[in-house]
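Have a look at the structure below, then the notes.
We count residues from 1, following the sequence as given. As a basis for the values below, the full set of heavy atoms in this structure was taken, side chains included, without hydrogen atoms, waters or symmetry mates. Keep in mind that what you see is a predicted model, and the values were worked out from it rather than measured.
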Amino acid sequence: QVQLVESGGGLVQPGDSLRLSCAASGRTFSNYYMGWFRQAPGEEREFVAAIRWSGTTYYRDSLKGRFTISRDTAKNTAYLQMNSLKSEDTAVYYCAADESIWRVRTQTPAYWGQGTQVTVSS
């Protein structure tokens, strides 16, 4: 059974940094894409970033330069480093996984995590 477990969310101030983790288990992820999404209150869920297990990365254009996705293949874990956080980054952040980047980018991946709350407020 595949499980994706996010962690690292919390309450931070504008300008702070935060690193989210997504621990994957239940299968081999060597051919998978891991993605991060977020959903702010009253908004639709949106794509944030994705990484192929081999290392190729994809980003939402507006977040390039502030957010960095990475992975540790030995730990089966993907990360999202978020810098210079703004109040508009407040959202529930979800991790997802699929063998297809198309399914990740269209928010139809096979596996989802439960989400972790990130709140940016002074």
Worksheet, complete the sentence: Glu99 meets the side-chain hydrogen bond (donor to acceptor under 3.5 Å, both in side chains) criterion, sequence neighbours left out, with none

Discussion item. Main chain of Gly115, side chain of Glu6: is a donor-acceptor contact present, judged purely on distance under 3.5 Å?
Written reply: yes

Worksheet, complete the sentence: Closest non-hydrogen atoms of Arg45 and Gln107, given as atom of the first, atom of the second and distance, are NE-OE1, 2.7 Å

Worksheet, complete the sentence: Ser17 and Asn83 have their tightest heavy-atom pair at OG-OD1, 2.9 Å

Practice prompt. Working to the nearest 0.5 Å, report the span between CD of Gln13 and OG of Ser87.
Written response: 12.5 Å

Discussion item. Looking at every non-hydrogen atom in both residues, tell me the closest pair between Ala50 and Ile101 and how far apart they are.
Written reply: CB-CD1, 4.0 Å

Discussion item. Just to verify, what does Lys86 make a salt bridge (charged side-chain N to carboxylate O under 4.0 Å, His left out) with, not counting sequence neighbours?
Written reply: none

Discussion item. For residues 70-79, which residue pairs pass the side chain to side chain donor-acceptor pair (under 3.5 Å) check, not counting sequence neighbours?
Written reply: none

Fill in: Side-chain (Thr90) to main-chain (Val120) donor-acceptor, under 3.5 angstrom
yes

Fill in: Thr68 OG1 to Leu80 CG distance, which is reported to the nearest 0.5 Å
8.0 Å

Fill in: Minimal non-hydrogen separation, Leu4 against Ala24, with atom names
CD2-CB, 3.6 Å

Practice prompt. State, yes or no, whether a side-chain contact exists between Arg60 and Val48 at a heavy-atom distance under 4.5 Å.
Written response: no

Worksheet item: Can you list the residues that meet the ring-ring contact (aromatic ring centres under 6.0 Å, His included) rule with Tyr32, with sequence neighbours excluded?
Response: Phe29

Worksheet item: Is the backbone N or O of Ser84 less than 3.5 Å from a side-chain atom of Arg66, with the two atoms forming a donor-acceptor pair by type?
Response: yes

Practice prompt. Could you grab the distance from atom CD of Gln81 to atom CG of Leu20, nearest 0.5 Å is fine?
Written response: 9.0 Å

Discussion item. Given 3.5 Å as the limit, does a donor-acceptor pair link the side chain of Asp98 with the main chain of Ala110, or not?
Written reply: yes

Worksheet item: Going by heavy atoms in the side chains, are Asp89 and Met82 under 4.5 Å from each other?
Response: no

Fill in: Remaining members of hydrophobic cluster (4.5 Å side-chain criterion), Val5
none

Discussion item. Taking ring-ring contact (aromatic ring centres under 6.0 Å, His included) as the definition, give me every residue that meets it alongside Phe47, ordered by chain and number, with sequence neighbours left out.
Written reply: Phe37

Worksheet entry | Over all atoms of both residues, closest heavy-atom pair of Pro14 and Ser122 | CD-N, 3.7 Å

Practice prompt. Please work out whether the ring planes of Trp112 and Tyr94 are parallel, tilted or perpendicular, with thresholds of 30° and 60°.
Written response: perpendicular

Worksheet item: Between Trp36 and Tyr59, is there a shared hydrophobic cluster once you connect ILVMFWY residues whose side-chain heavy atoms come closer than 4.5 Å?
Response: yes

Worksheet item: Is the closest side-chain heavy-atom distance between Leu11 and Ser121 below 4.5 Å?
Response: yes

Fill in: Nearest atoms (heavy-atom pairs only) where Ala91 meets Gln117
O-NE2, 3.4 Å

Worksheet item: Is there side-chain contact between Tyr33 and Tyr58, with at least one heavy-atom pair below 4.5 Å?
Response: yes

Worksheet item: Regarding Ser30 and Thr28, is there a side-chain donor-to-acceptor distance under 3.5 Å anywhere?
Response: no

